[in-house]
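Okay, so here's the structure we're looking at.
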2 protein chains.
Amino acid sequence: MARKQKTGSTNANETRENLLKLAARTFGTQGYSATTMRAIAEQAGIEAASIYYHFSSKEELVDEVMEQGAGRIVQELNGHIEALGPDATAEQRFRAAVLGQMTGLVKHGDFALAHGRLLGQLPEAVRERQVKRRERHQKLWNGLLEGLRTEGRLRGDVDIHLARIFILGSINSIQSWFNPRKGALEKIADQLCDMFFAGVSPPAS
Amino acid sequence: MARKQKTGSTNANETRENLLKLAARTFGTQGYSATTMRAIAEQAGIEAASIYYHFSSKEELVDEVMEQGAGRIVQELNGHIEALGPDATAEQRFRAAVLGQMTGLVKHGDFALAHGRLLGQLPEAVRERQVKRRERHQKLWNGLLEGLRTEGRLRGDVDIHLARIFILGSINSIQSWFNPRKGALEKIADQLCDMFFAGVSPPAS
DNA sequence: GTCTATAATGGGATAGAC
DNA sequence: GTCTATCCCATTATAGAC
């Protein structure tokens, strides 16, 4: 059940979460520098100065947007993999990861978009942390691909590095074109995996 | 042979070209809003005000960076295709396009990077024109893929739209990782196409 | 062709009232 | 928790000297 806030007056956490959402959307569409504290405040119906009660700076604000963006995507991805149980094949895990990451990108659109687009525009301190996060994420995918290799689902001459770039580039591009009316995510993920596998798997016979 | 300038004093065109290059690099790495006229001027060793002798505004400057970025990539791509002669197969043309676009991205790094990263951050007027340019570019790729289909190099159930997204996402991601010391572009393009074709082509038998 | 000086605007952030 | 008022500085762009 929902726990009561300790603070009186209008709920701080709620405002904070709202600001984060609005910041994510604005950062993602306008970029870091072009997004002003005033613009975020206006959308929330408060003055820019009031943001500083919830966040100490613009930098802290964007940092948390990035954290949440990365966190939500990974969580979705992991959730899809874990739902398979421990006996899943490498291919099942890989396919779950593809659908999981796509789902994360679409479900947490604003945060995911900000996360994907802002890396190159961030203040140094924030950027460094996010670069490390991204490296961990790539390792996760490397692991999935190595699993495929172990189970004989990757041709010997396929470069894992390149395959990862190939599949991640495709998955992530979904942000710029996916429209739920044009087809279910599951179907798109399947098609993408089919294309991927028919390319990397050894000839059937 | 090189033609003499009509103007006296230090060559205006030269400075203009230099400013464009520096602008491309800075826009591409920092983003549109974060790039200041001062920063560009400083790199060129002049004052910010002097830029306005060569460009009427920041908007015009970024517009030309975008134009050149798009133009150089397409030119490289077309050059590779045309070098094949008129009797080339659809697959040869496709493979030439992949290598051509990759070459363009690497060869004109600063302009290509700016072109790829700035779309979402541009002033409306500039953005609209570039969105149209991108659509033309996508149609070019659709044409290449339809050629493949006509010549029986695409499985019937492969969605051309998705295949285009798949291959373009992969090609374009080269900007963020390619290192000439790690392997020739030709080899990477080949590997990418091999992965692509072994997926989309009908089973050999 | 580039400079200095400056206008006009808007940015992030803080102080202190309520 | 949010406000108003304000500081201080950076920004794009222009005017006019050289």
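Residue numbers begin at 1 in each chain, while the letters A, B, ... track the order of the sequences. All values reported here derive from a predicted model rather than from experimental measurement.
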Within-4.5 Å side-chain heavy-atom neighbours: B:Trp177 and A:Leu162: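 A side-chain contact under 4.5 Å exists here.
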[N] phosphate, OP1 or OP2: any side-chain N/O from [X] under 4.0 angstrom?
| X | N | answer |
| --- | --- | --- |
| A:Ser50 | D:dC3 | yes |
| B:Thr15 | C:dG1 | no |
| B:Tyr53 | C:dT2 | no |

Within this structure, what is the [atom1]-to-[atom2] distance between [X] and [N], rounded to whole angstrom?
| X | N | atom1 | atom2 | value |
| --- | --- | --- | --- | --- |
| B:Glu47 | C:dT2 | CD | C1' | 9 Å |
| A:Leu19 | D:dG1 | CG | C1' | 11 Å |
| B:Leu61 | D:dT11 | CG | P | 15 Å |
| B:Glu42 | C:dC3 | CD | P | 12 Å |
| A:Lys58 | C:dG12 | NZ | P | 5 Å |
| B:Ile51 | D:dT14 | CD1 | P | 13 Å |
| A:Phe55 | D:dG1 | CZ | C1' | 14 Å |

Sugar-phosphate, base or nothing in reach of A:Ser33, heavy atoms under 4.0 Å: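 Touches nothing.
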Please tell me which of the listed nucleotides, [options], lies nearest to the side chain of [X]?
| X | options | answer |
| --- | --- | --- |
| A:Ala49 | C:dG12, C:dT2, D:dC3 | D:dC3 |
| B:Ala12 | D:dC3, C:dG1, D:dG1 | C:dG1 |
| B:Tyr52 | D:dG1, C:dA13, D:dT12 | D:dT12 |
| A:Met37 | D:dT2, D:dA13, C:dA13 | C:dA13 |
| A:His54 | D:dT2, C:dT4, D:dT4 | D:dT2 |

Aromatic plane relationship, B:Phe166 with A:Phe166 - under 30° parallel, 30 to 60° tilted, over 60° perpendicular: tilted
A:Phe94 and A:Trp141 aromatic ring geometry - parallel, tilted or perpendicular at 30°/60° bounds: perpendicular
Base C:dG10 paired with A:Arg38 side chain (donor-acceptor, <3.5 Å): no
side-chain hydrogen bond (donor to acceptor under 3.5 Å, both in side chains) assessment of A:Gln101 paired with A:Asn172: CA-CA 8 Å; A:Gln101 180 150 334; A:Asn172 290 334; 3.0 Å; yes
Intermediate values then yes/no, side-chain hydrogen bond (donor to acceptor under 3.5 Å, both in side chains), B:Gln75 and B:His108: CA-CA 11 Å; B:Gln75 211 167 16; B:His108 307 286; over 6 Å; no
